Amino acid sequence: MSTLGIAVIGTGKMGADHVRRIGRTVGGARVVAVADPDGDRAGRVAAELDGAGAYTDPAAALAAPGVEAVLIASPGPAHEEAVLHALERRLPVLCEKPLTPDAAGALRIVEAEQRLGRRLVQVGFMRRHDAEYEELKQLLDAGGIGRPLFLHCRHRNASSPAFFTSDMLISDSVVHEVDAARWLLGQEVTAVSVLSPTPSSAAPEGLRDPRLVLLETSGGTVVDVEIFVNCGFGYQVQCEAVGESGSARIGDGHAMVVQGAGRWGGEIAQDFTVRFAEAYDRQLRRWVTAAGHGRVAGADAWDGYAAAAVSEAGLAAARSGVRTPVELVERPPLYR
């Protein structure tokens, strides 16, 4: 089996983590080019790799010798241009979420793929590759708890970075629950409502944290998402499905529990790279294998578009305080 040559666009926290994973935990691939507007940072990352080139222009990295696939981990506003460049070269793409910050940009990517007549873009919604989420998906698909009535979701971070905005609670955080709900249920989200309590005293000034996001689906399931990015105690992602004949919950994080001195407890992950470490590994392995065979092994461009459209409706609902319908174009044949 040949080794897949990958260009990594963006060498910040996520990009550097992906470079490390490709080098240490993913077989059959190697990074041959990296790109970042910060040339010094790109150079430092490339210096740790055998023979990789460093670039400040993503297009130059895609044109580098040996590039056969692209992993995009740059900020969201830069995704569309990089993905379209990759599609022009017919290169398989793994693009970190969001595919684009806006539904119109994501739709342009969908249309570009349709013109090619093949799916090359995979979106980095890594929860689809988490063992617990996969188990819950199998249970729901098999009708193990009957028709799903509710999904109760909690998404908590210990603290938010300085650049985090109220909009990003929905567009960068709840978007994971949007994709997970669509995938778990096999349904589209049709409307969004957002409720905001008095902000937590731990939230930076001006940040509307936490929030409760309600999603209605085409199959009649109601999904509620608590998003709380300054909870203070750790990183938690939990989901409970309630069906007509039972319920199932994931994300409790039950590892070792210690009892002593009248107390009991365990550890709570402090970061998403810890909680979903294996999911990131599994996602990359599956993508590398699929890319080598011209396939997609996860969320595709249509999923990225649908998530962006739901996020836009969620942002509108947060600003207006009014339930907001989600507007989607008809799903093209390529994605059916």
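Given the structure is predicted, the values throughout are model-derived calculations rather than measurements.
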Enquirer: With Glu132, which of Arg275, Lys137, Arg249 fulfils salt bridge (charged side-chain N to carboxylate O under 4.0 Å, His left out)?
Expert: Arg275
Enquirer: Group every Ile, Leu, Val, Met, Phe, Trp and Tyr by side-chain heavy-atom contacts under 4.5 Å, then state whether Leu71 and Val123 land in the same group.
Expert: no
Enquirer: Distance from Ile9 atom CD1 to Asp57 atom CG, nearest 0.5 Å?
Expert: 9.0 Å
Enquirer: Suppose the criterion is ring pair (Phe, Tyr, Trp, His ring centres under 6.0 Å): which pairs have a residue in residues 203-236, not counting sequence neighbours?
Expert: none
Enquirer: Regarding Arg147 and Glu244, does a basic nitrogen lie under 4.0 Å from an acidic carboxylate oxygen?
Expert: yes
Enquirer: Under a 4.0 Å threshold between the charged nitrogen and the carboxylate oxygen, would Arg286 count as salt-bridged to Glu134?
Expert: yes
Enquirer: Can you tell me if Ser160 and Asn230 form a side-chain donor-acceptor pair at under 3.5 Å?
Expert: yes
Enquirer: Quick one: do Val31 and Val93 end up in the same hydrophobic cluster if we chain Ile, Leu, Val, Met, Phe, Trp and Tyr together by side-chain heavy atoms under 4.5 Å apart?
Expert: no
Enquirer: Treating Ser311 as the side-chain partner and Val175 as the backbone partner, does any N or O pair qualify as donor plus acceptor under 3.5 Å?
Expert: no
Enquirer: Would you check if the side chain of Glu81 reaches a backbone N or O of His79 as a donor-acceptor pair within less than 3.5 Å?
Expert: no
Enquirer: With Pro332, which of Glu111, Glu113, Gln114 fulfils side chain to side chain contact (heavy atoms under 4.5 Å, CB included)?
Expert: Gln114
Enquirer: Is there a side chain to side chain contact (heavy atoms under 4.5 Å, CB included) between Cys95 and Ile109 once you walk through the steps?
Expert: CA-CA 12 Å; Cys95 181; Ile109 291 173; over 6 Å; no
Enquirer: Between CD of Glu88 and CG of Leu62, what distance do you get to the nearest 0.5 Å?
Expert: 9.5 Å
Enquirer: Are Arg108 and Asp102 close enough, and set up right, to give a side chain to side chain contact (heavy atoms under 4.5 Å, CB included), and what steps lead you there?
Expert: CA-CA 10 Å; Arg108 286 190 287 271; Asp102 61 304; 4.2 Å; yes
Enquirer: Nearest 0.5 Å, please: how far is CZ in Arg154 from CG in Leu212?
Expert: 12.0 Å
Enquirer: So do the side chains of Val213 and Leu169 get within less than 4.5 Å of each other, counting heavy atoms only?
Expert: no
Enquirer: In terms of side-chain geometry, is the basic nitrogen of Arg21 or Asp17 positioned less than 4.0 Å from the acidic oxygen of its partner?
Expert: yes
Enquirer: With a 4.5 Å cut-off on side-chain heavy atoms, are Leu4 and Pro92 touching?
Expert: no
Enquirer: Under 4.0 Å between a Lys/Arg side-chain N and an Asp/Glu carboxylate O for Arg182 and Asp303?
Expert: yes
Enquirer: Identify whether the distance between the nearest side-chain nitrogen and carboxylate oxygen of Arg156 and Glu226 falls below 4.0 Å.
Expert: yes
Enquirer: Less than 4.5 Å apart, any side-chain heavy atom of Val288 and any of Ile6?
Expert: yes
Enquirer: Working to the nearest 0.5 Å, report the span between CD of Glu135 and CG of Asp130.
Expert: 10.0 Å
Enquirer: Indicate yes or no for a side-chain donor-acceptor contact from Ser166 to the backbone of Arg208 under 3.5 Å, with no hydrogens or angles considered.
Expert: yes
Enquirer: For Tyr305 and Trp302, take the angle between the two ring planes, folded into 0 to 90°, and tell me which bin it lands in: parallel under 30, tilted 30 to 60, perpendicular over 60.
Expert: tilted
Enquirer: Got a second to check how far Leu91's CG is from Leu120's CG, nearest 0.5 Å?
Expert: 8.0 Å
Enquirer: Between Arg336 and Glu330, is the closest basic N to carboxylate O distance under 4.0 Å?
Expert: yes
Enquirer: Is the CD atom of Glu278 crowded by more than 12 outside heavy atoms at less than 6.0 Å?
Expert: yes
Enquirer: In Å, rounded to the nearest 0.5 Å, how long is the span from CG of Leu136 to CG of Leu151?
Expert: 7.5 Å
Enquirer: Should Phe125 and Leu107 be regarded as members of a common hydrophobic cluster, given that ILVMFWY residues are connected when their side-chain heavy atoms come within less than 4.5 Å of each other, either directly or indirectly?
Expert: no
Enquirer: Between Trp287 and Val83, is there a shared hydrophobic cluster once you connect ILVMFWY residues whose side-chain heavy atoms come closer than 4.5 Å?
Expert: no
Enquirer: Can you check whether Val222 reaches Leu149 side chain to side chain, under 4.5 Å on heavy atoms?
Expert: no
Enquirer: Is a donor on one side and an acceptor on the other found under 3.5 Å between the side chain of Arg30 and the backbone of Ala52?
Expert: no
Enquirer: With a 4.5 Å cut-off on side-chain heavy atoms, are Asp179 and Arg127 touching?
Expert: no
Enquirer: After noting the C-alpha distance and the side-chain angles of Met14 and Tyr280, does the key distance pass the side chain to side chain contact (heavy atoms under 4.5 Å, CB included) rule?
Expert: CA-CA 11 Å; Met14 284 305 306; Tyr280 279 113; 3.8 Å; yes
Enquirer: State whether the side chain of Ser218 and the backbone N or O of Glu188 hold a donor-acceptor pair below 3.5 Å, judged by distance alone.
Expert: yes
